[in-house]
Every structure is written in structure tokens, then in C-alpha cells.
Amino acid sequence: MVKRVSLSGMLLRHAPLIVVELVLLVSFIGDTAGGNPESAVMAMGLLQVSLSPLVIEAIARVRIPLYLQLLYAVLIFTGGYMGSYLRFYDVWQPWDTIVHFYSGIMIALWADYILRAVMRKHRFQMPRWLHATVVTSFSALVAMLWEIGEFAADQMIGSRAQIDNYDTMIDMITGTLSALIVAVMLVLRSPERFTERAESRNSSFR
């Protein structure tokens, strides 16, 4: 039986993203009033992307934990808002590497949560080494798809998201490395705790 997701619960779990969304909304209004259409479009795009967890909860009738939404809010703010909108990527090059390292952590934790949900729903267990492999592989896949997206954007609209091959590979390596670290930490727990956390986190997916 799928549990209903209350509006108040959705908003509470979405609280970190609401803060980010308010910042983006103010930025959008300011850019629109100030005649900065490019920045306004970017702010609105980030605002729409930040609504994803809220939309997923409403459509899929699931409860995305507060900690996952907080992680996502931090990524939107540091990567999208600070990195692209405020141009931290242009001002300080290492910022891009830091964001990619952090994104690997966030994606790995999301992958871990989803994988546990699937195991709980379909009533099967996965060896810890395989669990870590799936989490890391999923994160590496997302990192690769992101770089493909940047490459496609550079070719089609003339953006300069990718500086050179070195920059692309560093982004993919740092994102995958941080995911691997998270995956190893997750499976170093005792088997009993590993199973208990899987059950408690994914009870809403029954």
C-alpha cells in the first residue's frame, strides 16, 4: 500500500530548497527589472530544477527524506547559483572541481537510498560489494552524462562549459572518486546495521 504524502510534510522536507528558491526568485525579479534577460533566464531555470523533489513526491507518492533534499539544495546553491549565476567558476577555477566532488557525494547517497528502496520493495538482498559497485557506477554514469550534456551545449549554443579534455576528465574523476568513498563507507557497516537502515529508510516505498 502506498502511503499518502501530506502537503505539510512535503513543505517541511522541502524547507532547505524553499530557502534556495526564494533567493532564486528574488534574483529573477531583480534581473528582470534590471534588464538582464540572460541572468533572469538562468535564475528561472535553476528555480524550476530546484522544484524537482517536490514534484517527484507529489507524482510518485513517496517521501524524500529531509537530508536528501538538503544535499540537493546545497548542490543547486553552490553549483548552479554560486558557480554559474554568480560566476564563481570563472573567478576561481577550483570551485568547479569542488562542486563536482560534492555532487559525487550527493548522487551516491541518492543512489544508495533508491537502491535500498528497490531492495525493500522487491524483497531481495544484495551483497555489500555489489551494493557499493552499483552506487559508484550510477554516480559515474551521471558524471559522464553531465559531461556529455556540457559538450553538446558547447557545440550547439556556443557555451564554454568545457575548457579542455583535462578539465572534463578531472570533473569525471572527482565525481566518481567521491562517490566511491561514500560507497565504501556505506558498506563498511556491519551486515545487521546495513539491513536495518535499508528497511527503516525505505518503509515509505511499500
Side-chain angles (χ1 to χ4, degrees), residues 14 16-17 19-28 30-32 36-56 64 67-115 132-184:
H14 200 68
L17 280 163
V19 175
V20 175
E21 288 156 4
L22 289 174
V23 173
L24 292 170
L25 181 59
V26 170
S27 298
F28 169 75
D31 288 326
T32 301
N36 299 313
E38 292 184 2
S39 296
V41 170
M42 184 181 298
M44 178 52 63
L46 290 171
L47 179 59
Q48 293 174 342
V49 171
S50 68
L51 293 171
S52 297
L54 196 61
V55 174
I56 292 173
I64 300 176
Y67 80 95
L68 287 180
Q69 299 207 42
L70 174 60
L71 289 170
Y72 186 61
V74 172
L75 180 64
I76 293 294
F77 187 78
T78 58
Y81 188 73
M82 295 180 65
S84 298
Y85 182 85
L86 297 181
R87 303 187 183 281
F88 268 53
Y89 293 142
D90 298 332
V91 175
W92 190 46
Q93 183 59 35
W95 188 255
D96 181 52
T97 302
I98 293 172
V99 171
H100 276 278
F101 187 86
Y102 172 77
S103 69
I105 296 174
M106 186 210 70
I107 295 170
L109 290 173
W110 271 83
D112 171 67
Y113 178 77
I114 295 171
L115 185 56
T133 301
V134 172
V135 168
T136 305
S137 298
F138 179 79
S139 302
L141 174 63
V142 173
M144 181 190 70
L145 293 176
W146 180 265
E147 295 303 319
I148 291 176
E150 287 188 342
F151 174 79
D154 287 351
Q155 301 305 309
M156 291 186 294
I157 63 176
S159 60
R160 294 185 54 82
Q162 293 184 338
I163 300 175
D164 51 31
N165 183 62
Y166 178 83
D167 174 70
T168 299
M169 292 307 301
I170 288 296
D171 290 346
M172 293 180 63
I173 290 171
T174 52
T176 303
L177 177 62
S178 58
L180 177 60
I181 294 173
V182 170
V184 170

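Source: prediction; values computed, not measured. Just the heavy atoms: all of them, side chains too, but no hydrogens, waters or symmetry mates, feed the values below. Counting from 1, the numbers follow the sequence of the chain as shown.
Using a distance-only test at 3.5 Å, with no hydrogens or angles considered, no donor-acceptor pair links the side chain of S39 to the main chain of N36. The backbone N or O of M172 sits nowhere less than 3.5 Å from a side-chain atom of E147 that would complete a donor-acceptor pair. Between the side chain of T136 and the backbone N or O of T133 there is no donor-acceptor pair closer than 3.5 Å.
When each of I76, L54, V26, L47 is checked for a side chain to side chain contact (heavy atoms under 4.5 Å, CB included) with E21, only L47 meets the rule. Screening V135, I105, D112 for a side chain to side chain contact (heavy atoms under 4.5 Å, CB included) involving V182 leaves a single residue, I105.
Contact record, T174 with F101: O-CD1, 3.7 Å, taken as the closest heavy-atom pair. Taking both residues in full, the closest heavy atoms of I64 and Q69 are given as O-NE2, 3.2 Å, listed atom of the first, atom of the second, then distance. When every heavy atom of F28 is checked against every heavy atom of A40, the shortest pair comes out as CD1-O, 3.2 Å. The two atoms that bring D167 and I163 nearest to each other are OD2-N, 3.6 Å, heavy atoms only. Closest heavy-atom contact between V142 and I107: CG1-CD1, 3.4 Å. Contact between S84 and M42 at its shortest, heavy atoms only, is C-SD, 3.6 Å.
With contacts defined as side-chain heavy-atom distances shorter than 4.5 Å, the pair Y102/V74 qualifies. Counting only heavy atoms from C-beta outward, the side chains of F77 and L46 never approach each other to under 4.5 Å. Counting heavy atoms from C-beta on, the side chains of W146 and S103 never come closer than 4.5 Å. Residues P53 and L17 have side chains in contact (heavy-atom distance under 4.5 Å, counting atoms from C-beta outward).
Between the CG atom in L24 and the OH atom in Y85 there is a gap of 8.5 Å [rounded to 0.5 Å]. Atom CZ of residue F151 and atom CE of residue M156 lie 10.0 Å apart, to the nearest 0.5 angstrom.
The salt bridge (Lys or Arg N to Asp or Glu O under 4.0 Å) contacts involving residues 68-81 comprise nothing, where partners must be two or more places apart or lie in separate chains.
Y81 and S27 share a side-chain donor-acceptor pair at under 3.5 Å.
Residue W110 places its CH2 atom among more than 12 non-hydrogen atoms of other residues, nucleotides or ligands, all under 6.0 Å distant.
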- Message: The test is side-chain hydrogen bond (donor to acceptor under 3.5 Å, both in side chains); show your working for D171 and Y166 and say whether it passes.
- Response: CA-CA 9 Å; D171 290 346; Y166 178 83; over 6 Å; no
Less than 3.5 Å apart, which donor and acceptor atoms pair up between the side chains of residues 89-98 and the rest of the protein, not counting sequence neighbours?
from	atom 1	to	atom 2	distance (Å)
Y89	OH	G79	O	3.2
W95	NE1	T78	O	3.0
D96	OD1	H100	NE2	3.4

